[in-house]
Amino acid sequence: MNGYDPKAIEPKWQERWDRQRAAEVDLRNDKNKYYMLMMFPYPSGDRLHVGHGRNYILGDALYRYLRMRGRRALNPMGWDAFGLPAENAAIQRGVHPRDWTLDNIRVMKTQFRRWGILYDWSKEITSCLPEYYRWNQWLFLRMLEQGLAYKKKAPVNWCPNDRTVLANEQVLEGRCERCGAAVEQRDLEQWFLRITSYADRLLAGLDDLPGWPEKVKVMQRNWIGRSEGAEIDFAIVGAEGPLTVFTTRPDTVHGATFLVLAPEHPRVVELLATHPERASIEAWVDRIRSTPRIEREGEGTPKEGRDTGARALNPATGEEIPIWIANYVLPDYGSGAIMAVPAHDGRDLAFARQEGLPVRLVYHPEGRDGEATALAEPILGEGVIRGCGDFDGATDGPETIRRFIAWLEERGSGRGKVTYRLRDWLISRQRYWGTPIPVVYCESCGIQSVAATELPVELPYDVELSGREGNPLSRASAFVAARCPRCGGEARRETDTMDTFVDSSWYYLRYLSPKDGGRVFDSQLANRWAPVDQYIGGIEHAILHLLYARFVCRVLHDFGLVEFEEPFANLFNQGMITRFSEKTGRIEKMSKSRGNTVSPDALIEEMGADTERVYTLFLGPPEDEVEWNDEAVSGAHRFLQRLWRVAERVGSAPPTAPADAALERLRHATIQRVTRDFERFKFNTVVAALMELLNALTRAVEEKTASRLCCEATLDTLVQLLHPIAPHLTEELWERRGHVESLLDSDWPVADEAKLKRDRLTLVIQVDGKLRDRIEVDAAWGEREVRAAALGSVKVREHLGGREVAKAVLVPGRLMNLVTRREVS
RNA sequence: GCCGGAGUGGCGAAACGGUAGACGCAGCGGACUUAAAAUCCGCGGCCCGCGAGGGCGUGCAGGUUCGACUCCUGCCUCCGGCACCA
C-alpha cells in the first residue's frame with residue numbers, strides 16, 4: 001500500500017458514484033421514505049467557497065447516514081436560476097443571462113462533485129427554463145381565477161438601484177434586501193398575491209411545527225403581527241361617510257382628542273378641498289409621500305403634521321375634534337387612520353404637545369389627580385376610568401376592552417376587529433430575467449388571462465439589456481404585441497415578471513415529477529413523499545421564502561392538489577462560517593465582497609475533500625456560527641492520515657491479546673454515541689468520538705494489546721461510522737478490507753448492550769460534594785458495599801475528619817457523595 | 001424600547017442535575033534525524049507548595065439541591081430579529 005493519497009482516491013469514487021447513480025431514487029416505492037432537502041442555490045457565478053461548503057457537506061453527511069440506516073432517502077438538487085445578478089452580468093459583460101446562468105450551473109455541479117456530494121440528478125430542476133416556469137404561470141392563473149392574485153395601484157417600495165419594486169419582506173430597515181439602496185415610495189399598478197387572507201392560518205399553523213426552530217416561528221409570528229382591537233367610525237362634520245380608524249384601545253375612545261390620517265389616506269384630497277392653504281399643504285403631503293421609507297419611518301424621524309381644518313365627531317363624547325395629517329401614521333396598517341389618545345399613547349402625546357392639542361384622561365392614576373395638562377408620560381396600564389358614565393371605576397384590562405367593543409357595536413359606531421401587520425405579497429418585478437406574468441391588456445376587454453393552452457409565455461431570448469430605466473421586455477415589441485384571447489383583437493402583453501420567490505415557493509413538489517409536461521406536479525407522489533421530512537437552509541430565509549412557501553402550500557391544498565398544509569415538517573438552520581476580513585478588519589461572514597473567502601480548490605488539491613469535510617463538520621455545532629481557522633485544518637488531515645496508517649498496520653496485531661474487552665467496550669460505546677449524535681445533528685462530537693476511537697485503536701495496534709480480529713472489527717466499525725463525513729477515504733479502506741458492496745449499502749453498526757457492561761469500575765468519592773478520591777469497586781455492589789469501601793479510603797477518612805456521615809448518595813456507575821452536614825430542620 | 005440566543009483554558013469547543021475542560025488547534029519539553037520537515041511520546045485553567053497535597057474556578061450577585069456550566073430570580077456584556085404597527 002502507498003500512503004494516503006486523496007488525489008488518487010477521490011476522483012475514483014466520485015466516478016463510481018456517478019456511474020452507479022448512487023443517489024437515484026425510484027419514487028414509485030415510498031416504503032421507509034425520507035425526503036430531505038437543501039434550499040436550492042442561486043447559481044451566482046462566484047465560485048463556491050468553504051463557507052458555502054458547510055451547507056452541502058452537512059446535508060450530504062445526513063444523507064449518507066440516512067442511507068446507511070436503511071432509509072429510502074431522496075436528496076434532490078436544482079437551481080433557483082432567475083434573478084437580478086444574471087441580468088447585471090449581461091449588462092456589465094455582454095453575456096446573455098440564460099447562457100451565463102447555465103454556465104454557472106455547470107461549474108457549480110463540478111464543485112459539488114469534487115466535495116463528494118451525492119444528489120439525485122434525475123430530479124434536477126432549473127427554474128429559468130420554460131419547463132419549470134410555465135407552472136409558475138399556471139399557478140398564477142389559478143390564483144387569478146380564485147381572486148388570490150390581483151392588480152392594484154398602491155404606494156409601493158421602489159429600489160432606485162435595481163429599478164424595480166420590492167415586496168415588503170424585501171425591505172430591511174428601509175433598504176433594498178439585495179443591494180442596500182434606500183427604498184423610495186412610488187404609486188404604481190402592481191400584481192399582488194393575497195397572502196393576507198391566509199394570515200390566520202399561517203399563524204395558527206406555526207403551533208403545529210414542533211420540528212421548527214423556535215426562533216424562526218417567533219420571527220414569523222412577529223412578521224404576521226396579529227393584533228386584536230376595534231374599528232371605530234368617526235362622522236365627519238359636513239361630509240358624507242364616516243372615517244374609520246383601527247385601535248387596540250377602544251376603551252380609551254373618550255380620550256380621543258383628534259384624528260390623524262396617513263398622507264396617503266384616500267380622503268386627504270377631499271378634506272383639504274376647501275382649505276385656504278390647500279396648495280401648500282398638498283405640497284407638504286407630496287413631499288412626505290415621496291420620502292424614502294428609511295427617512296420617513298426611522299426612529300429618530302421628527303413627527304410632522306398639518307391640520308386639515310376638517311372636524312370629526314367623537315362617537316363617545318359627541319365632541320368635535322380636529323382631523324390632522326401626519327407622517328407618523330402608516331398608510332398600509334389598519335385603516336391608515338388613527339384616533340389620537342395623547343393621555344394613553346406616547347406617540348400621540350408627543351404630537352399633541354408639539355402641536356398644542358388637548359389631552360384628556362380616561363384612566364385616572366390613583367393619587368395623581370388633575371395632572372392631564374402637565375402629563376409628561378402617557379398613563380399606561382394603571383388608573384381607573386372616570387367621566388365615562390357606566391364605565392366609571394373600570395380598570396385597564398382585556399375585560400374593559402371587551403365591554404367597550406360591545407358598547408360600540410350596540411351603538412353602531414364600531415366593531416371588534418383583528419388586524420395583521422402582514423401585507424399582500426407584491427410579486428411584480430420590472431426586470432427581464434424572471435417568469436413573465438401571463439396576462440394581456442386588451443383595449444376593449446381589459447385584463448385577460450393567457451389561455452392555459454398558450455402556456456408557457458416564453459421569455460424572448462433576444463432583448464436589449466442596456467441597463468436603462470424600465471423593463472427591457474417592454475421594449476421587445478415582438479413580445480409585447482399580442483392577441484386578446486377573448487375578442488382576438490390587438491392586445492399588449494404584460495411585461496412585469498414574477499418575484500423569484502414564486503419559483504421557490506413550490507419547487508420541492510416539482511422535484512417529485514420534474515419532467516411531467518402535463519401538470520404542475522404529480523399529486524399522488526406529492527402526497528406520498530411530501531411534506532419534506534427535513535429541510536436545511538440558512539436563517540436568512542426565516543421569513544421571506546419560508547412564509548411564501550407555507551402560503552403557497554395552503555393554496556395548493558385548497559386547490560385540492562396536496563393533502564397537507566405545511567410543506568416542511570422539520571427545519572434546520574445551519575450557522576454561517578466566518579473569517580477575519582482584511583478589508584473590514586473584523587471577523588465576518590465569509591463572502592466574496594468582504595474578501596475573506598477560502599477556496600476549496602487549493603484545499604482539496606493539497607489535502608483532499610475528505611479533509612475539508614471532516615474539518616468543516618468538526619469546527620463546531622452545525623447550528624452555530626463558527627470561525628474558519630486555516631491552521632486547524634491540518635488536524636483533520638492528520639486524523640485521516642492516522643486512520644490510513646492504522647489500516648495498513650492492523651494486520652500485524654497478534655492473534656490473541658489481553659485488552660480485547662476494553663477495545664470492544666469502546667467500540668460499542670462509540671457506536672452508541674455516534675448514532676445518538678447523528679440523530680441530534682451533532683456532527684462535531686461525532687468526529688470527536690471517532691478520533692477517540694482511532695486513538696485507542698492506534699494504541700492497541702502499536703502496543704499489541706488487542707487481537708487482530710478485535711482490531712479489524714474496530715477498524716471496520718470506525719470506517720462505517722466515519723463514512724457520512726469522509727466518504728472517499730472510507731469507501732477506499734472498506735474496499736481494501738475486502739468488502740464488496742458500497743458502504744452506502746452496508747448496515748449501520750448496532751451497539752451491543754452486553755459489550756458495554758463491565759465487572760469493575762472506578763467510582764468517584766465526594767465528601768460534601770467535593771471530589772476526594774477514586775476507588776475501584778465491583779459493578780454489582782450496592783450502596784452498603786460502596787459506602788464501606790469508600791470509608792476504607794485514607795483520603796476520604798481524612799476529609800471526614802471524624803464527622804459522622806449523615807447521608808450517602810450513590811449515583812450508580814459514577815460517584816458516591818458522603819454528606820456530613822445534617823439537614824436543617 | 002420589545003422579542004429571541006449566547007457568555008467555559010491562549011483559541012475552536014465538550015459535558016442525561018453527578019469527576020468541568022473530552023476531541024482538536026496553537027504552545028512547551030522529549031524521542032527519531034547530520035539537520036529540518038514529517039511522525040511518535042509527554043506536559044498543559046489560575047493561585048500556594050520542592051513535593052505529597054490544598055484552595056479557587058464555567059459573565060456578575062443571590063437562590064434551589066447531598067451535588068449546579070446545566071434549574072430559578074435579578075443584573076452586566078455581546079450577537080440576531082422587529083421597531084412611530086395605533
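Just so it is clear: chains get the letters A, B, ... in the order the sequence lines come, proteins before strands, and each one is counted from 1.
- Side-chain proximity of A:S634 to B:rC25, B:rG42, B:rG67: nearest is B:rC25.
- Residues satisfying the side-chain hydrogen bond (donor to acceptor under 3.5 Å, both in side chains) criterion with A:Y615, sequence neighbours excluded, are absent altogether.
- Between the side chains of A:S413 and A:D233, no donor N or O sits under 3.5 Å from an acceptor N or O.
- Residue A:R642 has no polar side-chain atom (N or O) positioned under 4.0 Å from OP1 or OP2 of B:rU39.
- Distance from the side chain of A:L815 is smallest for B:rU19 among the nucleotides B:rU19, B:rC66, B:rA22.
- Nearest to the side chain of A:V218, among B:rC3, B:rA13, B:rC23, sits B:rC3.
- Residues that satisfy the side-chain hydrogen bond (donor to acceptor under 3.5 Å, both in side chains) test with A:S634, not counting sequence neighbours, are absent from this structure.
- Within the 4.0 angstrom heavy-atom criterion, base atoms lie near A:A688.
- Within 4.0 Å (heavy atoms only), A:K303 reaches at least one base atom of the nucleic acid.
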What does the B/S/- profile of nucleotides 46-53 of chain B look like, 5' to 3', with a 4.0 Å heavy-atom cutoff to protein?
-------S
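- Listed by chain and residue number, A:E169 satisfy the side-chain hydrogen bond (donor to acceptor under 3.5 Å, both in side chains) test with A:W223 (two or more places apart in sequence, or in another chain).
- A cation-pi arrangement is present between A:K303 and A:Y328 under the rule of less than 6.0 angstrom and at most 45 degrees off the ring axis.
- For the residue pair A:Y333 and A:S227, a side-chain donor N or O sits within less than 3.5 Å of a side-chain acceptor on the partner.
- In this structure, A:R649 reaches neither bases nor backbone, as no heavy-atom distance under 4.0 Å exists between it and the strands shown.
- In this structure A:R421 satisfies the side-chain hydrogen bond (donor to acceptor under 3.5 Å, both in side chains) test with no other residue, sequence neighbours excluded.
- Neither OP1 nor OP2 of B:rG12 sits under 4.0 Å from any side-chain N or O of A:N684.
- For A:N817, counting side-chain heavy atoms from C-beta on, the closest listed nucleotide (B:rA86, B:rG67, B:rA15) is B:rG67.
- For A:L619, taking side-chain heavy atoms from C-beta onward, the closest of the listed nucleotides B:rC84, B:rA14, B:rG12 is B:rG12.
- Contacts of A:Q766 with the nucleic acid, taken as non-hydrogen atoms under 4.0 Å apart, include base atoms.
- Stem list for RNA chain B (at least 3 consecutive Watson-Crick or G-U pairs, distances under 3.5 Å): B:1-7 with B:76-82, B:10-12 with B:23-25, B:27-31 with B:39-43, B:45-48 with B:53-56, B:59-63 with B:71-75.
- Screening residues 255-268 of chain A for salt bridge (charged side-chain N to carboxylate O under 4.0 Å, His left out), with sequence neighbours left out, gives A:E264-A:R296, A:R267-A:E270.
- Residues meeting the side chain to side chain contact (heavy atoms under 4.5 Å, CB included) test with A:N55, sequence neighbours left out: A:M38, A:Q574.
- Within 4.0 Å of A:R645, counting heavy atoms only, lie sugar-phosphate atoms of the nucleic acid but no base atom.
- In the set B:rA86, B:rG18, B:rG54, B:rA86 carries the atom at the smallest distance from any side-chain atom of A:V329.
- Nucleic acid contact class of A:G620 (heavy atoms, under 4.0 Å, all strands): none.
- Atom CD in A:E627 sits roughly 15 Å away from atom P in B:rC79 (whole-Å rounding).
- Within residues 665-674 of chain A, no residue has any heavy atom under 4.0 Å from RNA chain B.
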Tabulated below should be each protein N or O lying under 3.5 Å from an N or O of nucleotides 80-82 of chain B; please produce it.
| from | atom 1 | to | atom 2 | distance (Å) |
| --- | --- | --- | --- | --- |
| B:rC82 | O3' | A:R421 | NH1 | 3.3 |

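- In the model, A:D251 has no side-chain atom that pairs as donor or acceptor with a side-chain atom of A:T400 under 3.5 Å.
- Looking at A:Q220 and A:W212, their side chains never bring a donor and an acceptor atom within 3.5 Å of each other.
- For B:rG7, the glycosidic angle deviates from 0 by more than 90°, giving an anti base.
- Dashed line: the shortest gap from a side-chain N or O of A:R814 to OP1 or OP2 of B:rC16 is not under 4.0 Å.
- Residues A:T762 and A:N695 both approach RNA chain B. Their nearest nucleotides, taken by heavy-atom distance, put A:T762 toward the 5′ side.
- Distances shown here put a side-chain N or O of A:S227 below 4.0 Å from the OP1 or OP2 atom of B:rA86.
- Here the side chain of A:R814 pairs no donor or acceptor atom with the backbone of A:L763 at under 3.5 angstrom.
- Taking every side-chain heavy atom of A:E631 into account, B:rC25 is the closest of B:rA86, B:rG24, B:rC25.
- Distances from the side chain of A:Y328 to the nucleotides B:rA13, B:rC84, B:rA86 place B:rC84 closest.
- Listed by first then second residue, pairs satisfying salt bridge (charged side-chain N to carboxylate O under 4.0 Å, His left out) with a partner in residues 691-701 of chain A read A:R673-A:E692, not counting sequence neighbours.
- Rounding to whole angstrom units, CG of residue A:L721 and C1' of B:rC23 are separated by 16 Å.
- Across B:rG24 and B:rG9, the matching C1' atoms stand 14 Å from one another, rounded to whole Å.
- Enclosure of atom CD in A:Q354 by more than 12 non-hydrogen atoms of other residues, nucleotides or ligands within 6.0 angstrom is indicated.
- In this structure, a donor-acceptor pair under 3.5 Å is absent between the side chains of A:R54 and A:T616.
- Remark: A:R772 engages A:V767, A:K770, A:H799 in a side chain to side chain contact (heavy atoms under 4.5 Å, CB included) (not counting sequence neighbours).
- For A:L330, taking side-chain heavy atoms from C-beta onward, the closest of the listed nucleotides B:rA86, B:rU19, B:rG12 is B:rA86.
- The CE atom of A:M576 sits 12 Å away from the P atom of B:rC79 (whole-angstrom rounding).
- Among the nucleotides B:rU19, B:rA86, B:rC23, the one closest to any side-chain atom of A:T247 is B:rA86.
- Between the C1' atom of B:rC66 and the CZ atom of A:R772 lies a distance of 15 Å, rounded to the nearest Å.
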